[in-house]
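Scroll down for the structure; my scribbles are underneath it.
Numbering of residues begins at 1 and proceeds along the displayed sequence. These numbers come from the heavy atoms of this one structure, side chains and all, not from hydrogens, waters or symmetry mates.
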Amino acid sequence: MRVLIIDNYDSYTFNLYQYFCISQNHPPVVIRNDQFDWPYLLNQILPSFDVAVISPGPGRPERVEDFGVCFKLLEECPLPILGVCLGHQGAAYVFGGKVLFLDIERKLPHKSFQVIHASEPVHGRISPIYHSSSSAKKIPSLFDDIPSPFNAVRYHSLIVSDEPNSNFKVTAWTYDPLSGGRIIMGMEHTEKPIWSQSICTEHGRRLISNFMTLAALNLGSNRSETQPMFKFNSKAYIENDCNTNTTG
């Protein structure tokens with residue numbers, strides 16, 4: 001399957017690129033979140049791909065200068081999508097919440113989710129991650145064949161908080177060491193082929209493999225091999241022009 005990665009100006013995009021190179025016959029194509037406008041991306045680029053991946057990034061998902069075309073991608077893209085870190089937060093925002101700026105609350109149209117500042121920023125901290133996948137369940141999951149709990153490294157200063165509305169179900173979580181509250185670390189959309197997670201783990205290759213399995217089941221026989229490939233030198237981009245910002 002052909003993979004398109006949307007880079008939100010983050011160095012971890014390189015890690016995602018490597019993971020997908022290992023798992024797929026076609027190397028992924030990487031474009032930046034402001035490189036093409038949405039109509040061109042939707043009509044000229046996406047038909048060449050089977051899945052889209054939204055990378056981590058600095059900033060906030062409600063800021064177009066930080067999230068670029070990813071908002072429209074989540075809203076309108078017909079392909080399976082994996083959101084990572086900022087992509088995870090963006091999925092929560094797009095499908096329903098409000099954003100809190102420290103002590104100042106900004107009212108937004110939907111209020112079932114919140115993306116808020118964590119009680120303290122975590123950059124490189126190991127936390128136990130729990131998930132809802134089980135070998136007894138017949139429905140595939142992003143966290144299949146991964147122990148629960150497992151240790152993962154967290155890099156974020158924003159978190160998705162509160163129970164999801166009918167658009168999403170929580171698939172992975174950890175606990176805030178200060179408040180004891182649950183912090184959502186993985187979700188899946190209840191109707192659209194969208195999965196998200198916000199962790200860095202030794203099980204990364206398994207997560208990617210599980211996502212591709214979920215995407216293949218969703219796509220069925222509707223694959224991009226019948227479409228002409230979008231011409232873009234992703235290898236040169238990712239090796240020579242990858243931004244070195246840290247994840248959000």
Side-chain angles (χ1 to χ4, degrees), residues 1 3-8 10-28 30 51-58 80-92 118 120-137 139-160 169-177 182-188 194-217 234-235 238-239 242-248:
M1 290 194 292
V3 179
L4 178 67
I5 300 176
I6 311 296
D7 175 27
N8 288 304
D10 193 271
S11 61
Y12 191 73
T13 303
F14 179 74
N15 300 74
L16 289 172
Y17 177 88
Q18 289 180 316
Y19 275 134
F20 280 103
C21 280
I22 293 169
S23 65
Q24 298 301 303
N25 293 328
H26 298 286
V30 182
V51 302
V53 179
I54 301 176
S55 86
I81 296 173
L82 175 65
V84 182
C85 295
L86 183 64
H88 164 72
Q89 298 154 6
E120 58 176 343
V122 288
H123 295 284
R125 180 175 300 175
I126 297 175
S127 298
I129 306 297
Y130 303 83
H131 64 80
S132 57
S133 176
S134 168
S135 59
K137 294 182 178 180
I139 301 175
S141 164
L142 192 64
F143 295 91
D144 282 351
D145 299 317
I146 297 175
S148 179
F150 64 93
N151 287 331
V153 181
R154 293 165 54 205
Y155 292 88
H156 61 90
S157 56
L158 301 175
I159 59 173
V160 175
K169 66 177 181 179
V170 175
T171 57
W173 61 92
T174 189
Y175 294 98
D176 190 320
R182 189 172 74 162
I183 299 172
I184 298 173
M185 304 302 294
M187 305 182 301
E188 63 181 53
I194 298 174
W195 296 266
S196 70
Q197 58 90 7
S198 187
I199 51 181
C200 178
T201 170
E202 62 183 294
H203 301 292
R205 290 179 64 179
R206 171 53 60 185
L207 282 170
I208 296 299
S209 176
N210 288 343
F211 167 66
M212 297 305 286
T213 297
L214 291 164
L217 290 171
S234 62
K235 186 172 187 292
I238 199 68
E239 287 187 350
C242 189
N243 192 279
T244 56
N245 283 323
T246 57
T247 58

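Counting only heavy atoms from C-beta outward, the side chains of Pro80 and Trp195 approach each other to under 4.5 Å. With a 4.5 Å cut-off on side-chain heavy atoms, Leu16 and Val84 count as touching. Here the side chains of Val3 and Val53 are in contact, with some heavy-atom distance below 4.5 Å. By the 4.5 Å heavy-atom criterion applied to side chains, Gln197 and Thr171 are not counted as neighbours. In this structure the side chain of Arg182 reaches within 4.5 angstrom of the side chain of Val170, judged on heavy atoms. Within the 4.5 Å cutoff, the side chain of Leu86 has no heavy atoms near those of the Ser55 side chain.
Taking all atoms of both residues into account, the shortest heavy-atom contact from Ala152 to Thr201 is CB-CB, 4.0 Å. Across Ile5 and Pro28, no two heavy atoms sit closer than the pair CD1-CB, 4.0 Å. Nearest approach of Ala215 to Met1, heavy atoms of both residues: CB-CE, 4.2 Å. Between Pro56 and Asn8, the shortest heavy-atom contact is O-CB, 3.3 Å.
Atom OG1 of residue Thr174 and atom CG of residue Asn151 lie 9.5 Å apart, to the nearest 0.5 angstrom. Taking CE of Met187 as the start and NE2 of His88 as the end, the distance is 5.0 Å to the nearest 0.5 Å. Distance check: Asp10 CG to Cys85 SG gives 8.0 Å after rounding to the nearest 0.5 Å. One finds the CZ atom of Phe150 at 12.5 Å from the CD1 atom of Ile126 (value rounded to the nearest 0.5 Å). Taking CG of Asp7 as the reference point, atom CZ of Phe14 lies at 12.5 Å (rounded to 0.5 Å). Note that CD1 of Ile184 is 11.0 Å distant from OG of Ser198, once rounded to the nearest 0.5 Å.
Applying the side chain to side chain donor-acceptor pair (under 3.5 Å) criterion to Ser141, with sequence neighbours excluded, gives no partner residue.
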Side chains of residues 203-210: which donor-acceptor pairs under 3.5 Å do they make with residues two or more places apart or in other chains?
| from | atom 1 | to | atom 2 | distance (Å) |
| --- | --- | --- | --- | --- |
| Asn210 | ND2 | Leu142 | O | 2.9 |
| Asn210 | ND2 | Asp144 | O | 2.8 |
| Asn210 | ND2 | Arg206 | O | 3.4 |

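Ring-plane geometry between His131 and Phe143 is classed as parallel, the angle between the planes falling under 30 degrees on a 0 to 90 degree scale with a further cut at 60. Aromatic ring orientation, Trp173 versus Tyr130: parallel (interplanar angle below 30°, classes split at 30° and 60°).
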Lys169 vs Glu188, side chain to side chain contact (heavy atoms under 4.5 Å, CB included): CA-CA, chis, key distance, verdict: CA-CA 6 Å; Lys169 66 177 181 179; Glu188 63 181 53; 2.7 Å; yes
